[in-house]
Each structure stands twice: as structure tokens, then as C-alpha cells.
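These notes concern the structure reproduced below.
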Amino acid sequence: MTADRLVERREAAVLPAAAIHSVETHIVDIPLRRPHKLSRAVLVHQSYLLIRISTQDGVVGIGEATVPGGPWWSGESVEAMQALFSNEIAPSLQGRDIFTSNAILAEIDRIVYGNAALKSAIETALLDAVARTLGIPLSSLFGGRLADELPVLWVLATGELEADIEEAKDKLAQKLHRRFKIKVGRAEPDIDARRAAMTADAVGCPCSIDLNEAWSLADSARALAILEGSGVDILEQPLPRADIAGLADLARRSSVAIMADESACAQSDLTAIIRERAASYISLKISKSGGPSRMLAIARAAQAAGINLFGGTALDSSIGTAANLQCCATLSLAGGTELFMPLLLADDIIEEPLQYRDFSVAVPIGPGIGVTIDEDKLRHYARE
Ligand code: MUC
Ligand code: MG
């Protein structure tokens with residue numbers, strides 16, 4: 001063997017084709033089509049941290065870290081995640097094999113506590129790179145999809161009765177959505193409950209309401225007296241996330257189903273929810289659980305306990321939405337999804353927009369998460 005061949009072989013051992021060659025991050029701020037009013041935040045734009053991981057042979061995996069509306073939801077922010085990634089995590093990724101994501105993620109857990117959304121972006125980018133290397137969609141890494149299209153609801157959050165009703169009727173007429181989630185929690189509980197019941201009645205479609213932890217047990221009991229028998233059939237996260245006993249209390253006495261969102265982030269959260277029978281639905285999101293594989297583990301534990309699954313959103317862009325779709329498509333989701341955010345953003349940063357039609361969203365079929373970043377749009381929306 002010549003000296004050249006020997007050097008070539010040594011380099012191949014040190015830098016195999018699937019070794020991480022470089023990483024990059026961008027923070028993008030994308031405006032919304034209209035203000036989105038949640039109980040504790042009003043959004044006019046949504047920020048995303050994008051992570052790209054490139055391998056030695058030029059494959060690029062993408063992941064997105066999102067916290068809906070900013071740090072109020074989970075204490076995380078795109079700026080803090082970017083600093084943590086660049087200072088603490090990126091140095092440990094150099095040269096690592098993308099086909100060893102379990103080991104990489106275990107090491108990151110030793111370096112950084114918490115930060116589920118950041119870890120979700122990293123795992124998504126790694127798995128995206130793996131699936132692109134193999135030329136298969138991400139869903140195939142998890143055993144393949146059960147459906148190519150998933151039902152998708154629309155989130156009404158203008159905060160105004162008439163405007164919400166008009167928006168819902170428009171979505172229905174366009175055959176985009178026939179189920180709605182109403183964001184409430186800014187007014188008195190009985191006023192909000194009446195507004196939600198009137199919206200469901202006027203639109204003639206089933207609706208859920210999401211409090212993002214805004215009510216007490218007493219507030220919830222008052223509101224449920226109004227909601228029982230209305231078109232509102234799911235009550236999402238009425239109580240503070242730690243109050244599992246309170247959720248269980250509501251679940252026992254209400255005919256409106258209880259959905260846990262903030263209460264059901266990590267696998268360890270599920271134990272108490274299952275033991276106390278605190279929810280009949282859980283909302284699944286890769287970002288709040290620390291990535292696709294952890295979200296799927298939570299989904300399977302919930303399903304084994306007879307809890308219905310719902311494909312939630314952290315208000316992800318098309319990139320995070322595509323990643324969530326790839327995971328959700330491998331599950332049986334009794335509650336459908338709310339992966340609607342690409343339609344609320346005023347612009348898209350991917351080349352081919354996701355397809356919304358017939359009350360559903362199509363799961364992308366290309367390799368990896370199945371979408372490609374539009375580099376001009378990325379430059380336009382990225383912070384300096
Ligand atoms: C949440 O808590 O569900 C999802 C939709 C929406 O409008 O806000 C989010 C976050
Ligand atoms: Mg929620």
C-alpha cells in the first residue's frame with residue numbers, strides 16, 4: 001500500500017463521511033398575519049433558532065428550536081439557546097458520527113440541564129442528516145407513517161368574538177379547517193367561557209379552548225358550568241402545570257375532556273398524569289419534550305395508558321412543523337393536530353410550502369424532514 005493510500009485510509013477513519021464537519025445557527029423573526037393573543041402573551045412575530053449540522057460528505061441536517069411567544073412558556077429563549085449551543089455544545093459535536101445520535105444526546109444531557117427546545121433542534125438536525133444520507137423521510141426512521149395527511153385545526157386568537165367567528169367561517173369555507181381551538185384566559189372565566197361557547201355555536205364546529213395555565217380550580221369549575229353541553233369539547237391546560245391533582249379533579253367531574261399540554265412535557269411528567277388519571281388527551285410537541293425520539297417515547301407511554309394523542313405545535317415554522325409532521329404521522333392521533341402555524345406566518349422560509357387542503361396537512365415525502373430552506377428568505381429574516 002502506498003503512503004498516499006495509508007494517509008487516505010487514516011483520514012477516512014478519523015473523518016468518516018457521516019462525521020460532523022460544521023454547525024451553524026441563525027435566529028429568524030417572522031411576522032404574523034395578525035396578532036395572536038394568548039392568555040399571557042400577544043404575538044406579532046415568532047422567533048426561531050435554526051441549527052444546521054453538516055457532515056464531512058456535505059449532507060446538511062436542519063433543526064428548529066421554538067418557544068411559543070418567548071420565554072413565558074418554558075423559560076427558554078432563542079437568544080439563550082443560541083449562546084448555550086455555541087459556547088457549550090457545538091465544540092463537542094465536531095467529528096461526531098451522525099449515526100450515533102443517542103450517544104451524542106446523552107453527552108449533551110450531561111453538559112446542559114433542561115433546554116428541551118434546544119435539544120429538540122439538535123436531535124432533529126442529526127436525524128434529518130441521517131435520513132437525508134439514507135435518502136428516506138424521517139418518518140421511516142421511526143417505522144414509517146400510518147397516514148400521508150393529518151387533520152389540522154386552526155387556532156382562533158384574535159381575542160374578539162366576531163373576528164374569531166369570521167376567521168373560522170373563512171377557514172371552513174376554504175376547506176382548510178373544521179375544528180378550532182380558541183385561545184382564552186385574558187378575561188374573567190365566565191366571560192371567556194361564554195365567548196368560546198358562542199363561537200363554537202356560531203361556527204357549528206367542535207372547538208377546544210386553551211388557557212395556558214390561566215385559571216384556578218374554582219375558575220375552571222365556574223367556566224365548566226357554562227361549557228358543559230356547548231360545542232367546546234376539550235379544555236386544554238386550564239391549571240398551572242404542576243397541579244396534576246387539580247387536573248384530575250376536573251377530569252373526574254367534567255364531561256369536557258381535559259388535555260394536558262404544559263403539564264406533559266417530559267417523560268417523567270407522564271407518570272403522575274397516568275397515575276392520577278389527570279387527562280384524557282396529551283398534546284405532543286417535539287420542542288417541549290427534547291426532540292423526536294423523546295416525544296415518541298411519551299406518546300407510546302400515554303397510549304399504553306389509554307390517553308388520546310394530539311399533535312400540538314409550539315407555533316413552529318414550516319421547518320419545525322415538517323419535523324413534527326414526520327413524527328406525528330407514525331402515530332395514531334385520536335385528536336388530530338394543530339400544526340397550523342405556517343398559515344399564520346406572513347411568509348415562509350422554505351422553498352416548497354407545506355400543503356394544506358381538505359381540512360388536512362400533507363406529510364412531506366422528500367428525504368429527511370422533507371423541506372428545503374429558501375436561502376434568500378433565510379437571509380431576509382435572519383438577525384445580523
Ligand atoms: C400552546 O400552548 O398550545 C399552540 C397554539 C397556539 O396558539 O399556541 C400554542 C401553544
Ligand atoms: Mg397549549
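Residue indices begin at 1 and follow the sequence shown. For ligands, and for the atoms within them, numbers begin at 1 and follow the listed sequence.
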Is it the side chain, the backbone, both or neither of [X] that has a heavy atom closer than 4.0 Å to ligand 1?
X	value
Q237	neither
T313	both
K285	side chain

Atom name, D261 (N, O or S, nearest to the Mg ion (ligand 2)): OD2

E262 N/O/S atom closer than 2.8 Å to the Mg ion (ligand 2): no

Among all protein non-hydrogen atoms, which one is nearest to [atom], and what is the separation to 0.1 Å?
atom	answer
atom 7 (O) of ligand 1	H36 NE2, 2.7 Å
atom 5 (C) of ligand 1	L315 CD2, 3.6 Å
atom 6 (C) of ligand 1	K183 CE, 3.1 Å
atom 2 (O) of ligand 1	N212 ND2, 2.6 Å

L227 side chain near I209 side chain, heavy-atom distance below 4.5 Å: yes

Ligand 1 atoms in contact with [X] (distance to a heavy atom under 4.0 Å):
X	result
D210	1 (C), 2 (O), 3 (O)
E236	3 (O)
D261	1 (C), 2 (O), 3 (O)

Salt bridge flag under 4.0 Å for residues E276 and R252: no

R383 with D29: basic N within carboxylate O range, under 4.0 Å: yes

Ligand 1 contact by M341, heavy-atom criterion under 4.0 angstrom: no

Which distance, rounded to the nearest 0.5 Å, do you find between the [atom1] of [X] and the [atom2] of [Y]?
X	Y	atom1	atom2	value
L296	C327	CG	SG	5.0 Å
L344	L32	CG	CG	4.0 Å
N308	S283	CG	OG	12.5 Å

Metal-centred angle, the Mg ion (ligand 2) as apex - OE2 of E236, OD2 of D210, 10° resolution: 90°

Working for side chain to side chain donor-acceptor pair (under 3.5 Å), residues R34 and H36: CA-CA 6 Å; R34 58 136 172 83; H36 199 62; 3.0 Å; yes

Ring geometry between F340 and W154 (parallel below 30°, tilted from 30 to 60°, perpendicular above 60°): perpendicular

Q82 vs T25, side chain to side chain donor-acceptor pair (under 3.5 Å): CA-CA, chis, key distance, verdict: CA-CA 7 Å; Q82 187 179 42; T25 63; 3.0 Å; yes

